[in-house]
Amino acid sequence: MRIGMGYDVHRLTEDRKLIIGGVEIPYEKGLLGHSDADVLTHAIMDALLGAAGMGDIGLHFPDTAAEYKDASSIELLKRVGRMLEENTYLIENIDATIIAQAPKMRPYIDTMRETIAKALAIDISQINIKATTEEGLGFTGLGEGISSQAICLLTSPRELYSQDVTEECNGCCCKGQ
């Protein structure tokens, strides 16, 4: 088992779409960033990459690369999912929290879960998303930005190869070998 944690934050600004968890949310401001600035998806990608020991999104999708300008974070998440698959990692679960004073996230959370599950080719039951405010405290509480945290658990069939199966059977089927 491997556990990963991710965190992301972006400033709210005029003239940008607000996209969180791959879902466009009607709001007068959006998040400022090189890509679509989807804080939830970024936190999830960092958690997954971290658990796999594969760095972070800045390593794989640097904000200095023109190819990622205004990129869809869900498309980048699909690439992370393929990287995990290529390295034989299985996603057991993802638990994430969106921290925003406004807008209210609850009406969009089920669609976010569906979008992320589809992008990672996993079951929706493997993803939990929550939202909270900061009761008017800090930059998120003042409505200056939105942040997100995520944690995940990965497993790999490779972990089974490290077990000594002869110990488990007490020699009953392995005599003479």
Side-chain angles (χ1 to χ4, degrees), residues 1-11 16-25 30-100 105-106 108-132 134 140 145-163:
M1 289 187 291
R2 298 177 67 110
I3 298 169
M5 196 279 295
Y7 173 81
D8 195 41
V9 60
H10 285 277
R11 177 180 301 280
R16 290 275 297 197
K17 292 180 180 178
L18 180 59
I19 299 171
I20 300 181
V23 176
E24 187 174 334
I25 299 171
L31 294 168
L32 182 62
H34 186 67
S35 66
D36 62 9
D38 182 339
V39 292
L40 174 61
T41 304
H42 291 183
I44 289 171
M45 286 191 288
D46 268 346
L48 293 169
L49 290 166
M54 298 171 72
D56 61 16
I57 60 173
L59 174 66
H60 296 280
F61 315 112
D63 64 4
T64 55
E67 66 190 287
Y68 303 120
K69 177 76 175 135
D70 298 322
S72 163
S73 295
I74 288 295
E75 291 303 314
L76 300 179
L77 179 63
K78 289 177 184 178
R79 290 176 58 179
V80 169
R82 287 191 297 272
M83 292 165 56
L84 294 175
E85 186 177 319
E86 290 166 5
N87 286 279
T88 66
Y89 287 110
L90 305 171
I91 300 168
E92 293 295 329
N93 78 305
I94 298 167
D95 187 30
T97 304
I98 305 162
I99 302 116
M105 298 292 157
R106 180 62 245 158
Y108 308 99
I109 286 178
D110 292 336
T111 306
M112 291 175 194
R113 291 177 63 222
E114 290 171 12
T115 302
I116 292 166
K118 183 177 178 184
L120 292 170
I122 61 176
D123 191 80
I124 192 170
S125 67
Q126 293 172 270
I127 301 172
N128 187 58
I129 299 172
K130 307 170 295 291
T132 189
E134 292 202 295
T140 55
I146 295 176
S147 66
S148 185
Q149 300 175 359
I151 190 165
C152 72
L153 176 66
L154 301 182
T155 57
S156 175
R158 291 181 296 159
E159 295 169 357
L160 299 175
Y161 302 144
S162 66
Q163 295 177 2

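Heavy atoms only: backbone and side chains are in, while hydrogens, waters and symmetry mates are out.
In this structure the side chain of R79 never reaches within 4.5 angstrom of the side chain of H60, judged on heavy atoms. Using a 4.5 Å heavy-atom cutoff, the side chains of D8 and L40 are not in contact. Two residues are said to be in side-chain contact when any heavy atoms from C-beta on lie closer than 4.5 Å; Q126 and L153 fail this criterion. Side chains of N128 and N93 form no contact here, defined as non-hydrogen atoms less than 4.5 Å apart. At least one side-chain heavy atom of I94 sits less than 4.5 Å from a side-chain heavy atom of L48. Looking at heavy atoms from C-beta onward, M54 lies in side-chain contact with L49 at the 4.5 angstrom threshold.
Annotation: ring pair (Phe, Tyr, Trp, His ring centres under 6.0 Å) contacts of Y89 (sequence neighbours excluded): none. A search for side-chain hydrogen bond (donor to acceptor under 3.5 Å, both in side chains) contacts involving E114 returns nothing, not counting sequence neighbours.
Of all heavy-atom pairs spanning I129 and M112, the tightest one is CD1-CB, 3.8 Å. Shown here for A43 and S148, the closest heavy-atom pair between the two residues is CB-O, 3.7 Å. Between Y68 and P62 the shortest heavy-atom distance is CD1-O, 3.5 Å. Contact record, A51 with G4: CB-N, 3.4 Å, taken as the closest heavy-atom pair. Of all the heavy atoms in I74 and G22, the pair that sits closest is CG1-CA, 3.3 Å.
Between the CE atom of M105 and the CG atom of L18 there is a distance of 5.5 Å, given to the nearest 0.5 Å. Note that the CZ atom of R2 and the CG atom of L90 stand 13.0 Å from one another [nearest 0.5 Å]. The line from OG1 of T111 to CD1 of I116 is 11.0 Å long, rounded to the nearest 0.5 Å. We find the CD1-CD1 distance between I98 and I25 to be 6.5 Å, quoted to the nearest 0.5 Å. Atoms CE and CD, from M83 and E86 in turn, are 8.0 Å apart once rounded to the nearest 0.5 Å. Atom CD1 of I44 sits about 13.0 Å away from atom CG of L76, to the nearest 0.5 Å.
In this structure, T140 contributes its side chain and G145 its backbone to no donor-acceptor pair below 3.5 Å. In terms of modelled atom types and a separation under 3.5 Å, the side chain of D46 and the main chain of I57 share a donor-acceptor contact. Using modelled atom types, one side-chain atom of R113 and one backbone atom of I127 make a donor-acceptor pair closer than 3.5 Å. With H34 contributing its side chain and A65 its backbone, the two residues share a donor-acceptor pair below 3.5 Å. S156 contributes a side-chain N or O that, together with a main-chain N or O of T88, makes up a donor-acceptor pair within less than 3.5 Å.
By the 4.0 Å N-to-carboxylate-O rule, E85 lies too far from R82 to be salt-bridged with it. Between K17 and D38, none of the side-chain N atoms (NZ, or NE/NH1/NH2) sits under 4.0 Å from a carboxylate O, so this pair counts as no salt bridge.
A side-chain donor-acceptor contact under 3.5 Å links H42 and S73.
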Kindly indicate, with the supporting measurements, whether the criterion side-chain contact (heavy atoms from CB on, under 4.5 Å) is fulfilled by L77 and L120.
CA-CA 7 Å; L77 179 63; L120 292 170; 3.7 Å; yes

Run R16 and D70 through side-chain contact (heavy atoms from CB on, under 4.5 Å) and show every step you take.
CA-CA 10 Å; R16 290 275 297 197; D70 298 322; 3.6 Å; yes

